[in-house]
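Okay, structure first, notes after.
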Amino acid sequence: MTDLIKLPHTGLHVPHDRYTLSNLQQMTTSCGIAYNATVHDGERCIGIIENEGNGEGTYFSPVTYADRFDVHAFAATCWMEGGPLSEEDVLDHLITEHETAQQVVKYALRDDASLLRGFDEDGSPAITIAIGTPLVWLDRADSPFLPQIARDLKASDPDVAAWEFWTGDQWEPLSLPTVTV
């Protein structure tokens, strides 16, 4: 097996990082979220990742048969948490990776804000938010600001089981004290 690259926002391990997404469009439907994004291999458009938001799966619409074959081979090589994924799961993770990267660019580059993401009890991403708290306040477990941050997060998102913060190049667990709201 070739050396795989671990993507920073999803933890998806991919054989290369040449595929990039652009033009992500989303719309809420009665059954979920419909979305599509253009997939590029370098400068060349190779297809579109789509989900119609009707409860069915995510799929890839290629420009050519060769593009279909290449994306299928790419997805077959990807893995996460020690195991392989379906092509549909890989496509969904590529969308999540792109969407999170856009949020990082939008919010995490500010000196007076930090980007957090919360996970539900099953470990699935539940929410990504920007807070008006400098990174230095989150980076130390003994920070005097953490109890108030913990209360605010618990009040706004009580179902989140665990939080992480973006350090500028990776996600780190946010060690919050136990609080009651």
Side-chain angles (χ1 to χ4, degrees), residues 1-108 115-130 157 159-173:
M1 178 177 273
T2 62
D3 292 331
L4 298 178
I5 300 165
K6 183 178 179 182
L7 299 180
H9 305 300
T10 58
L12 178 66
H13 294 259
V14 297
H16 63 76
D17 58 2
R18 293 190 321 266
Y19 292 159
T20 58
L21 276 57
S22 66
N23 304 322
L24 175 63
Q25 298 177 16
Q26 298 178 324
M27 181 179 79
T28 302
T29 69
S30 61
C31 296
I33 297 175
Y35 56 83
N36 63 43
T38 305
V39 182
H40 300 270
D41 186 350
E43 296 292 318
R44 191 173 74 78
C45 173
I46 62 168
I48 297 173
I49 295 174
E50 298 182 82
N51 186 305
E52 296 174 357
N54 59 7
E56 293 185 14
T58 301
Y59 56 92
F60 178 69
S61 298
V63 172
T64 68
Y65 178 77
D67 296 329
R68 172 76 196 110
F69 177 80
D70 290 346
V71 169
H72 180 72
F74 173 89
T77 306
C78 294
W79 64 272
M80 181 179 263
E81 298 174 3
L85 300 169
S86 69
E87 185 169 319
E88 179 181 354
D89 286 341
V90 169
L91 297 173
D92 285 335
H93 285 302
L94 291 175
I95 292 289
T96 301
E97 185 74 27
H98 175 73
E99 187 175 30
T100 307
Q102 286 182 317
Q103 292 172 326
V104 165
V105 168
K106 184 176 180 179
Y107 296 110
L115 197 62
L116 303 180
R117 67 179 179 183
F119 295 87
D120 63 20
E121 290 289 335
D122 296 330
S124 299
I127 187 169
T128 302
I129 59 171
D157 297 291
D159 295 331
V160 170
W163 289 94
E164 292 180 337
F165 67 98
W166 179 248
T167 66
D169 61 353
Q170 64 184 357
W171 292 96
E172 291 286 337

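Just so you know, residue 1 is the first one in the sequence shown, and it goes up from there. Please read these numbers as outputs of a predicted model, since none were measured by experiment.
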Hits for ring-ring contact (aromatic ring centres under 6.0 Å, His included) against H13, two or more places apart or cross-chain, chain-then-number order -> W79
So, for L21 and A37, which heavy atoms are closest and what is the spacing to 0.1 Å?
-> CD2-CB, 4.0 Å
Pairs meeting criterion salt bridge (charged side-chain N to carboxylate O under 4.0 Å, His left out) with involvement of residues 58-79, two or more places apart = R44-D67, R68-E87
Between OG1 on residue T10 and CH2 on residue W171, distance to nearest 0.5 Å = 11.5 Å
Which distance, rounded to the nearest 0.5 Å, do you find between the CG of L12 and the CG of D89?
-> 9.5 Å
With rounding to the nearest 0.5 Å, note down the distance linking CD in Q103 to NE2 in H98.
-> 10.5 Å
For the atom pair CD1 (I95) and CD1 (I33), what is the distance rounded to the nearest 0.5 Å?
-> 11.5 Å
Distance (rounded to the nearest 0.5 Å) between L7 CG and T96 OG1 | 11.0 Å
Using the test side chain to side chain contact (heavy atoms under 4.5 Å, CB included), find all partners of C45 that sit at least two apart in sequence or belong to another chain.
-> T38, H40, V63
The complete set of salt bridge (charged side-chain N to carboxylate O under 4.0 Å, His left out) pairs with one or both residues in residues 6-22, sequence neighbours excluded, reads R18-D41
Heavy-atom closest contact (P15 atom, C78 atom, distance) | CD-SG, 3.8 Å
Identify the two heavy atoms, one from S61 and one from E50, that lie closest to each other, and give their separation to 0.1 Å.
-> OG-OE2, 2.9 Å
Partners meeting side chain to side chain contact (heavy atoms under 4.5 Å, CB included) with E99 (sequence neighbours left out) | L24, Q26
Begin from the C-alpha positions of V90 and F60 and carry the test side-chain contact (heavy atoms from CB on, under 4.5 Å) through to its verdict.
-> CA-CA 11 Å; V90 169; F60 178 69; over 6 Å; no
Residue set satisfying side chain to side chain donor-acceptor pair (under 3.5 Å) with T58, at least two apart, ordered chain then number -> Y35, N51, D92
Name all residues meeting the side chain to side chain donor-acceptor pair (under 3.5 Å) criterion together with T20; count only those two or more places apart in sequence or in a different chain, and write none if there are none.
-> none
Restricting to pairs with a member in residues 115-124, which pass salt bridge (charged side-chain N to carboxylate O under 4.0 Å, His left out), not counting sequence neighbours?
-> R117-E164
Qualifying residues under side chain to side chain contact (heavy atoms under 4.5 Å, CB included), relative to N54, sequence neighbours excluded | E52, E56
With sequence neighbours excluded, residues passing side chain to side chain contact (heavy atoms under 4.5 Å, CB included) with P84 | none
CD/Q170 to NE2/H9 distance, rounded to the nearest 0.5 angstrom?
-> 11.5 Å
Can you list the residues that meet the ring-ring contact (aromatic ring centres under 6.0 Å, His included) rule with H72, with sequence neighbours excluded?
-> none
Taking every heavy atom of F165 against every heavy atom of P173, the minimum-distance pair comes out as CE2-O, 3.4 Å
Please check if atom OH in Y59 has more than 12 non-hydrogen atoms from other residues, nucleotides or ligands closer than 6.0 Å.
-> yes
Applying ring-ring contact (aromatic ring centres under 6.0 Å, His included), name anything that partners Y19, two or more places apart in sequence or on another chain.
-> H16, F74
